[in-house]
Amino acid sequence: MTQPHVAIVGATGAVGIEMLRCLERRNFPVGKLTLLASARSAGKKLTFRGEEHPIQELTPESFAGVNIALFSAGGGISRDFAPHAVKAGAVVVDNSSAFRMDDTVPLVVPEINAADAKNHRGIIANPNCSTAIALMALYPLHQAFGVKRVFASTYQAVSGTGAQAIEELASQSRAWAAEARAWDDAKLSTPPQVYPHQIAFNALPHVDSFMDSGYTKEEMKMENEGRKIMHHPAFKASVTCVRVPVFRSHSIAISAEFEKPITAASARAVLEKAAGLDVIDDPANKQYPLALDIAGRDNCAVGRLRADCAMENGLAFWVVGDQLLKGAALNAVQIAELLV
Ligand code: NAP
C-alpha cells in the first residue's frame, strides 16, 4: 500500500476533523480521500491540502476501492458499517469502543505494541482516550519497574464527548457571563442537553454509564484495555473519571504501585527517554503539564513526579494529553502509518 485510498467515517466530528489535519500535517501519502458523515452533512465540504472535498452520506456501498477506513462516528456506526468496509477490502482503524476487547482485534498504541497491528483481520482498534494518555507514561515505567496496580482520577475535557459538548460548555459559560451573575450564583436555569448536569463551573463524577459494581464503563477501560495493550493480564486499576469544564486535553492523576523500588529520580530518567512524551516537572518554578498548554500538541506530558507516600514502591504523577490527538486522531493516523 503506497498511495492508499483513505476514507474518514465521521469526518465532520471533533475527532474526524483532527484526523484530516493529522493526515495533512504528517504528510500521510493519501492517494484518494473519501469523507463520510450522516445525511445531515452530505454536500458540505472540508479542505484537505488546499482542495475542497465533498462530504458524502455514509452507506454500505461507501467503501468501494477504499484501502484504509478511519472510523470515528460512534460504536453503533462502527458495528454496522465496519464489516462493509472490511468486505470491500479496507483495513478499518476504529476509534469507538465497539471492537476494543474483541480477541481477534488488535488494540494498539504504536509506541507500546505496534507489532500487534500486524495480526489484524481487517479491524484495528484505537484505545480509550484516557487509557492511551495514561499508558504513554505508565508503560515505560512498567517496563522498568513492573507495574502492579494504579489508583487514578481523570479530569476529562468536554471535547472528549464531541462537538455538541464543546458547544454546551461554551453556551453555558456565555449565558453565565451575559447574565452578569455573582460567583456564588453559578447554577443556570437552562437545562443541560448533553451532560446530566451543568458542566460549566462544575465537576461531574460521571463519564459513561454506571455498572452494577458502581464503577462506570469508562472507569474500567483503563484496567481492561491497559491489560490488553501492555500484555499484562494481572494489571489492576481503580479509576474515578470526572468531566471538567476544560475544552481540550485530559489530565490524569495517577498513583502507581510497582514490583521494584522506584524514586522520582529513577522514574524521571526512564520517562525522559520515552517516545511521544515530554517531562515537564519543575514545581518550584510552577512548571507542570497543563491542559491549556498541551492542547494541540502531539506529545503527552508528565510531571508532579514524587514517591507515593501511601504505598511501598509507589509513584504519584500527573499526565496530560490532547485526547483529540493521542487519545483519538493522532493515534489512529499513527496506526494507519504502520499499514503503508
Ligand atoms: P462528534 O463530534 O459528535 O462527531 C460524530 C461524527 O459522527 C460526525 O461526523 C457525525 O456526522 C458522524 N455521524 C453521526 N451519526 C452518523 C450516521 N448515522 N452516519 C454517518 N455518520 C454519522 O463525536 P467525536 O467526539 O468526534 O467522537 C466520534 C467517535 O470517536 C466516538 O465513537 C467516540 O467515542 C470516539 N472517540 C472520541 C474521542 C474524543 O476525544 N472526542 C476520543 C476517543 C474516541 P454529522 O456531522 O453529519 O452528524
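Numbering of ligands and ligand atoms starts at 1, following listing order. The first residue of the sequence shown is numbered 1, and numbering continues consecutively from there.
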Test: K236 and E257 ion pair at under 4.0 Å: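 A salt bridge is absent here (no side-chain N lies under 4.0 Å from a carboxylate O).
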So what's ligand 1 close to, N/O to N/O, under 3.5 Å?
| from | atom 1 | to | atom 2 | distance (Å) |
| --- | --- | --- | --- | --- |
| ligand 1 | 2 (O) | A14 | N | 2.9 |
| ligand 1 | 2 (O) | A163 | N | 2.9 |
| ligand 1 | 9 (O) | G10 | O | 3.2 |
| ligand 1 | 9 (O) | T12 | N | 3.3 |
| ligand 1 | 9 (O) | T12 | OG1 | 2.6 |
| ligand 1 | 9 (O) | G13 | N | 3.0 |
| ligand 1 | 11 (O) | T12 | OG1 | 3.1 |
| ligand 1 | 21 (N) | S38 | N | 3.3 |
| ligand 1 | 26 (O) | A14 | N | 3.2 |
| ligand 1 | 26 (O) | V15 | N | 2.9 |
| ligand 1 | 30 (O) | S72 | OG | 3.2 |
| ligand 1 | 32 (O) | G74 | N | 3.2 |
| ligand 1 | 40 (O) | Q323 | NE2 | 3.3 |
| ligand 1 | 41 (N) | S159 | O | 2.8 |
| ligand 1 | 41 (N) | G160 | O | 3.3 |
| ligand 1 | 46 (O) | T12 | OG1 | 2.5 |
| ligand 1 | 46 (O) | S41 | OG | 3.1 |
| ligand 1 | 47 (O) | S38 | N | 3.1 |
| ligand 1 | 47 (O) | S38 | OG | 2.5 |
| ligand 1 | 47 (O) | S41 | OG | 2.5 |
| ligand 1 | 48 (O) | S38 | OG | 3.4 |
| ligand 1 | 48 (O) | R40 | NE | 3.3 |
| ligand 1 | 48 (O) | R40 | NH2 | 2.8 |

Mind checking who shares a hydrophobic cluster with [X], ILVMFWY linked at side-chain heavy-atom distances under 4.5 Å?
| X | value |
| --- | --- |
| V242 | Y155, V244, V246, I280, I294, W318, V320 |
| L290 | Y288 |
| M211 | Y215, M220 |

Close aromatic pair by centroid cut-off 6.0 Å: F258 and F235: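 Ring centroids of F258 and F235 are no less than 6.0 Å from each other.
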Candidates M230, H232, E111 - the one meeting side chain to side chain contact (heavy atoms under 4.5 Å, CB included) with Y139: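 Of M230, H232, E111, side chain to side chain contact (heavy atoms under 4.5 Å, CB included) with Y139 is met by M230 alone.
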